[in-house]
Amino acid sequence: MNYKYLGLQMLYERLPIDHAMKSIINSKLKAAEAGIIGEATVEDVFEKHDFPFNYNILHDVNLTSNGKFQIDTLFICQYFIVILECKNIVGKLYFENNPPC
């Protein structure tokens, strides 16, 4: 259950059509939905594969060091640990061949 998504969805539905924040909330809602879909896709990949060793998978790990940070998926086994940061972006992406920065 993604409470951030549910909260954005309820807020969006309660705002009047002409509210100034309606479009901003809608884009945040779409970004949250894309994130949920991306994480579900990664989860499906792990469910389809059988590894020849014991492992654990942790989703949406929140940790604190010098600051707070979040890891989308953490794959842990006795041989290695893999950090997966999943990006499922909606809309169009544009890439420049030789960007100035």
- Task: Go through the steps to decide whether E85 and I71 satisfy the test side-chain contact (heavy atoms from CB on, under 4.5 Å), and finish with yes or no.
- Result: CA-CA 6 Å; E85 286 299 315; I71 298 171; 3.8 Å; yes

- Message: Which heavy atom of S23 sits nearest to which heavy atom of A20, and what is that distance?
- Response: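 Nearest heavy atoms, S23 then A20: OG-O, 4.4 Å.
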
- Task: Please report the shortest heavy-atom distance between I25 and L8, naming the atom on each side.
- Result: CG2-O, 3.8 Å

- Tell me whether Y3 is reachable from M10 by hopping between hydrophobic residues (I, L, V, M, F, W, Y) whose side-chain heavy atoms are closer than 4.5 Å.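 Yes, M10 and Y3 fall within the same hydrophobic cluster.
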
- Task: Would you mind listing every side-chain hydrogen bond (donor to acceptor under 3.5 Å, both in side chains) that reaches into residues 5-17, with sequence neighbours excluded?
- Result: none

If you measure from [atom1] on [X] to [atom2] on [Y], what distance do you get to the nearest 0.5 Å?
X   : Y   : atom1 : atom2 : value
L15 : M21 : CG    : CE    : 8.5 Å
L84 : L74 : CG    : CG    : 8.5 Å
Q70 : T64 : CD    : OG1   : 12.0 Å
I24 : L29 : CD1   : CG    : 13.5 Å
I76 : I83 : CD1   : CD1   : 9.5 Å

Report, one line per pair, each donor and acceptor closer than 3.5 Å where one atom sits in a side chain of residues 32-59; sequence neighbours left out.
from	atom 1	to	atom 2	distance (Å)
T41	OG1	I37	O	2.9
H49	ND1	V45	O	2.8
H59	ND1	T73	OG1	3.4

- Item | K22 atom NZ, neighbour heavy-atom count above 12 within 6.0 Å |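 Enclosed.
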
- Item | Residues forming a side-chain contact (heavy atoms from CB on, under 4.5 Å) with P99, sequence neighbours excluded |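 Once residues adjacent in sequence are excluded, the partners of P99 under the side-chain contact (heavy atoms from CB on, under 4.5 Å) criterion are E96.
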
